[in-house]
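Note on naming: letters A, B, ... go to the chains in the order of the sequence lines (proteins, then strands), and numbering restarts at 1 for each one.
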Amino acid sequence: FSTTRPETMLGDTAVCVHPSDERYQHLIGKNVRIPLLDRDIPIIADALLAKKDMGTGAVKVTPAHDQNDYACGLRNRLPMINILNSDGTINKNGGKYSGMDCYEARKQVVEDMQTMGYFVDVEERKIDLAHSDRSKTPIEPYLSDQWFVKMPELAQAAMDAVTDGRVKFFPARYAKTYLDWLGEKRDWCVSRQLWWGHRIPIWYCATCTEEELQQVFQDQDDVAYRLDAETRGWLICSETNLAEDALGPSHKLIQDEDVLDTWFSSALWPHSTLGWPKKTDSLQYFYPGNVLITSRDIITLWVARMVLTGLYNMGDVPFCHVHVHPKILDGFGQTMSKTKGNGVNPIDLIDKYGADAVRFTITSFAGETQDVRLPMQYECPHCGTLISQALDDDGELVKPETLQGPLRGASGKPRMPCPQCKQASQFSTPQFDPDPGEPVARMVSERFEYGRNFCNKLWNASRFALLNIENYTAAPINRTDLMLEDHWIFSRLSSVAADVTESLAKYQFDAATRTLRDFTWNEFCDWYVEMIKPRLRDESLRSTSQRVLVGVLDMLLRLLSPFVPYITEDLWQRLNDVASERGLIAPRKSAASVMIAPWPDPPSEWQDRSLEVRFDRLQTIIVAVRNIRAVYRISPGTTLKLYVQCESDVAAELQDVAGQFDNLAKTTLEAAGTNVQRPSESASFSLDDADGFISLEGIINREEELTRQRKEAEKLRGFIAGHKKKLENKSFVERAPEEVVNNVRATLAGLQKQLESVEKIASQLSKD
RNA sequence: GGGCGGUUAACUCAGUGGCUAGAGUGCUACCUUCACACGGUAGAAGUCACAGGUUCGAAUCCUGUACCGCCCACCA
């Protein structure tokens, strides 16, 4: 036979062949002798272990040192000889090898076999070998006594809790991981041979008698005892010290030296931290919890076990929801870990970007599927240069101190060199704390600028609001005093609050974060705040506008509070100082802290689709005018003149908001209506229900404008062709839902109208 | 070997069968205008990994392939 662990021959108790292997059939039942020990062992047949086409087809069986061999040993009632001590040396069963390290013995066995003439050949072979994560040494299995928890009933109860919905996973697919794993119902090995942890609650007593134990423990349901099969006498399972106290000093009790699997202890966390087994008020109030938030690799190790111990000890699940979040990987897609040294120090990030900025950014990562890559850099404390992390040829992260060769400080702690300023500094690492007073290269990542910039924006927009509400007075808001932008922000606020609430209920933190960022920045700041500036400067319009602004900001702060708690709390206090009574529906005394303010639930009737469409048109026109200004490089100080050709209802709507053209695009709306003519020498833009002209007398570059219009026409023709093709497709018109077909028709009509305008404008332009 | 994800702009990610596929960062041009340059305005940038299929219609659903990540099992 062949083996990669020759020393295990010392513990062999059989040689195994396949029952149908013709080469060896005649040998089954005979014995062979292990030459190293002169021990005879049988040749057995076992179809599950031996494979005819592997090597010689004969395999040695070491039941005490290999899992497959162990199973084979059980099947064939083989003796099991443990040849190892717990420190990896050969024990007394190893004969003359006893006392040697197993790797030493491995060499010696090969040598001895050669001397005796039984050695055939050595052959290179690649095998997967399990290594200890901590010591990086190969794992040598050996037979030992361990404590197990019997799982079938416990596992079934925990499975039932998920299948009947008492515990729900978000995202739901992770229920499969949980159920598949518990479904195996493997007994749980709970003992560990470590020096720390909960001691196993088992005591041994060599001097006790059964009568004594019976008498002492007859009323104790939670104490069990039995005669130990080995030589340690009675074995008593009880709460800590209970047995010792009850039996008194006449007996010497020895506690089992093993400790519990760390996950066994952790599994008790939801109830034991609340005082269990005492029936405390906390336990009563907080158990079961609402939600457990964790990483997917913890589902089997911890989540499943918390559910099963909770059900066993408390008779109820420990939590109703399990939210599984994505993992944050390093910039190279590898899991962050302390040993790899590719982790992130959150304190560095908080120092640099702020606590709210870090929280907001991380929240934006928390989607349902995609793990997040987070490329990190070191920031040189001397010159601010950002030093990117890199991988070496083996794919290992380059250690910072080796960027240009090792640099060590007075304390012996490594430093890293800066490639820019060449100065060295200690750096942030989980391996050691930097020396006090030493400049430290922090770990930073530009991705957190997302959160930092947002916090800055929120702060400044709120500062603007606070500066403009100094003479605020509380009063109900009169709906008839509201302008288009007010109705619009009400409508948007209602949709946004509903969206955020829904996303949070599904634990879709990334979606909630995006919705709030987009609303705050692109709608509230970019449009709403800009649009109300003139009103805030106008004595007669100021008060209503202030009340709406205060009400909107109030609601926004409440929505943002879970995402950026520090900034919103600070702003909330400032808002309370100037406007303690506020509200979009009716003014009310506001909560003392945003943390306890009610979650916003604005009426859904505020949502007004047609109003939002009108607002979109206004935005589109303003962007088109700004675009013309940019294309013609007209300075921001120059006032432009806008003429809009459109139906009278559209014209009326535009006249209503005429002030905004001046406010947002430094443009006067000169005329709007059906009879508006294109002024000569003007740049223009087309919407589906309006054409706009900016008079550019003396400035216009006819060729450039003509090119611009032709490009626009070309784009429109492309879209039109696409839409036409769809409608010409008979099956599309017949089979697609009516609404979809109608939408395409409507869009096509609009595009065609736009194209007509563009073509007309182009022809007029060439005649100017 | 089994399972679960992923592959969309230079980077990091959204996109839950039907708008011209989006955002942030970065990039280009202009602007220090009385909340904000950690900013504003405008703009450029995509063979939606690949190959088939289903469908009137696919980034989206199905099958397969390649690569990446994780969990579990196995390993003379």
* Using 30° and 60° as the class limits, which term best fits the ring planes of Tyr142(A) and His65(A): parallel, tilted or perpendicular? -> parallel
* In whole angstroms, how far is the P atom of G57(B) from the NZ atom of Lys730(A)? -> 16 Å
* **For A58(B), the Watson-Crick or wobble partner whose two distances fall under 3.5 Å** => none
* Asked: Got a sec: does the CZ of Phe119(A) have more than 12 other heavy atoms crowding it under 6.0 Å?
  -> yes
* Return the minimal non-hydrogen interatomic distance between Val552(A) and Phe524(A), and the atom names on each side. => CG1-CE1, 3.7 Å
* Structure fact -> Using Watson-Crick geometry (N1-N3 plus N6-O4 or O6-N4) or G-U wobble (N1-O2, O6-N3), each under 3.5 Å, A9(B) is paired with none
* Structure fact -> Checking A42(B), A76(B), C70(B) against the side chain of Thr335(A) (C-beta onward), the nearest is C70(B)
* Please work out if Val372(A) contacts a base, only the sugar-phosphate, or nothing of the nucleic acid, heavy-atom cut-off 4.0 Å. => sugar-phosphate
* Structure fact -> Testing C38(B), A35(B), G18(B) for proximity to the side chain of Phe732(A), the answer is G18(B)
* To do: Using a cut-off of strictly less than 4.0 Å, decide whether His723(A) has a side-chain nitrogen or oxygen near OP1 or OP2 of U20(B).
  => yes
* Asked: Would you say the base of A35(B) and the side-chain of Glu530(A) have a donor-acceptor pair closer than 3.5 Å?
  -> yes
* Asked: Hey, is the side chain of Lys457(A) pairing donor to acceptor with the base of C36(B) inside 3.5 Å?
  -> yes
* Verify the contact: side-chain N or O of Lys533(A) to OP1 or OP2 of A35(B), cut-off strictly under 4.0 Å; return yes or no. => yes
* To do: Pick base, sugar-phosphate or nothing for Val623(A), based on heavy-atom distances below 4.0 Å to the nucleic acid.
  => sugar-phosphate
* Asked: Between C19(B) and C34(B), how far is it from one C1' atom to the other, in whole Å?
  -> 40 Å
* Asked: For Arg629(A), which contact category applies under a 4.0 Å heavy-atom criterion: base, sugar-phosphate, or nothing?
  -> nothing
* If we take the C1' atom in both C13(B) and G39(B), what is their distance in whole Å? -> 24 Å
* Name the pairing partner of U28(B), where a pair is Watson-Crick or G-U wobble with both distances under 3.5 Å, or state none. => A42(B)
* What integer distance in Å separates Arg296(A):CZ from C4(B):P? -> 13 Å
* **Nearest listed nucleotide, side chain of Pro737(A), among G18(B), A42(B), A73(B)** => G18(B)
* Asked: To the side chain of Asn453(A), which of U25(B), A73(B), A35(B) is closest?
  -> U25(B)
* Asked: From A76(B), U25(B), C30(B), pick the nucleotide closest to the side chain of Val59(A)?
  -> A76(B)
* Asked: Starting at the 5' end of RNA chain B and moving along, which residue's nearest nucleotide shows up first, Arg537(A) or Gly57(A)?
  -> Arg537(A)
* Could you check which nucleotide pairs with U63(B) in any of the strands shown, counting Watson-Crick or G-U wobble with both distances under 3.5 Å? => A51(B)
* Proximity to the side chain of Gln508(A) - top-ranked nucleotide from U16(B), C36(B), G3(B) -> U16(B)
* Asked: What is the distance from CD of Gln370(A) to P of U8(B), rounded to the nearest Å?
  -> 9 Å
* To do: Write down the distance between CG (Leu664(A)) and P (A42(B)), rounded to a whole number of angstrom.
  => 11 Å
* Structure fact -> Taking C38(B), A35(B), U41(B) as options, the one with an atom nearest any side-chain atom of Cys525(A) is A35(B)
* To do: Please give the nucleotide sitting opposite C19(B) as a Watson-Crick or G-U wobble pair, both distances under 3.5 Å, or none.
  => none
* Of the non-hydrogen atoms in Ala665(A) and Arg626(A), which two are nearest, and what is the gap between them? -> CB-CG, 4.5 Å
* **Gap in Å between the two P atoms, one belonging to C30(B) and one to C67(B), rounded** => 48 Å
* To do: Search all heavy atoms of Lys726(A) against all heavy atoms of Phe732(A) and return the closest pair with its distance.
  => O-CD2, 3.3 Å
* Asked: Taking the same atom, P, in A73(B) and in A10(B), what whole-Å distance lies between them?
  -> 41 Å
* To do: Nearest whole angstrom, please: distance from the C1' of G3(B) to the OH of Tyr174(A).
  => 12 Å
* What is the nucleic acid contact for Tyr450(A), judged by heavy atoms within less than 4.0 Å: base, sugar-phosphate only, or nothing? -> sugar-phosphate
* Asked: Given C36(B), A35(B), C68(B), which nucleotide is nearest the side-chain atoms of Arg373(A)?
  -> C68(B)
* Using a cut-off of 4.0 Å on non-hydrogen atoms, how would the nucleic acid contact of Lys176(A) be classed: base, sugar-phosphate, or nothing? -> sugar-phosphate
* Phe365(A) CZ to G6(B) P, straight-line distance once rounded to whole Å -> 19 Å
* Asked: Counting N and O atoms only, with roles assigned by atom type, does the side chain of Asn627(A) sit under 3.5 Å from a partner on the main chain of Val623(A), one being a donor and the other an acceptor?
  -> no
* Asked: Reckon Thr369(A) touches a base, only the sugar-phosphate, or nothing at all at heavy-atom distances under 4.0 Å?
  -> sugar-phosphate
* **Under 3.5 Å: donor-acceptor pair, side chain of Asn468(A), backbone of Phe464(A)** => yes
* Going by atom types alone, do Gln660(A) and Asn663(A) pair a side-chain donor with an acceptor below 3.5 Å? -> yes
* Asked: Would you say Trp181(A) reaches C4(B)'s phosphate, i.e. side-chain N/O to OP1/OP2 under 4.0 Å?
  -> no
* Asked: To the nearest angstrom, how far is Asp688(A) atom CG from U20(B) atom P?
  -> 13 Å
* Could you work out the separation of G6(B) and U60(B) based on their P atoms and round it to a whole Å? => 13 Å
* Calculate the interatomic distance between Arg186(A) atom CZ and A73(B) atom C1'; express it in whole Å. => 7 Å
* From the options C36(B), A14(B), A76(B), select the nucleotide whose nearest atom is closest to the side chain of Arg514(A). => A14(B)
* NA contact type, Arg517(A), heavy-atom cut-off 4.0 Å: base, sugar-phosphate, or nothing? -> sugar-phosphate
* Scan every strand shown for a Watson-Crick or G-U wobble partner of G1(B), both distances under 3.5 Å, and answer none if you come up empty. => C72(B)
* Which residue lies more 5' along RNA chain B, comparing Lys715(A) with Asp371(A) via nearest heavy atoms -> Asp371(A)
* Asked: Given G57(B), is OP1 or OP2 found less than 4.0 Å from the side-chain N or O atoms of Asn729(A)?
  -> no
* Could you let me know what C34(B) is paired to, Watson-Crick or G-U wobble, both distances under 3.5 Å, or none if it's on its own? => none
* To do: Consider the side chain of Ala736(A), meaning its heavy atoms from C-beta on, and name the nucleotide among A35(B), C36(B), G18(B) that approaches it most closely.
  => G18(B)
* Using a heavy-atom cut-off of under 4.0 Å over every strand shown, decide if Ala465(A) touches base, sugar-phosphate, or nothing. => nothing
* G26(B) versus C38(B) - spacing of their P atoms, nearest Å -> 10 Å
* Interatomic distance at P, G46(B) relative to U54(B), whole Å -> 31 Å
* Counting any heavy atom closer than 4.0 Å, what does Leu374(A) reach on the DNA or RNA strands: base, sugar-phosphate only, or nothing? -> nothing
* With a 4.0 Å cut-off on heavy atoms, is Ala357(A) in touch with a base, just the backbone sugar-phosphate, or nothing at all? -> nothing
* With rounding to whole Å, what would you report as the distance between G3(B) and A49(B) at their P atoms? -> 23 Å
* Distance from Phe360(A) atom CZ to Phe454(A) atom CZ, nearest 0.5 Å? -> 4.0 Å
* Donor-acceptor pair between Ser364(A) and Asp510(A) side chains, under 3.5 angstrom -> no
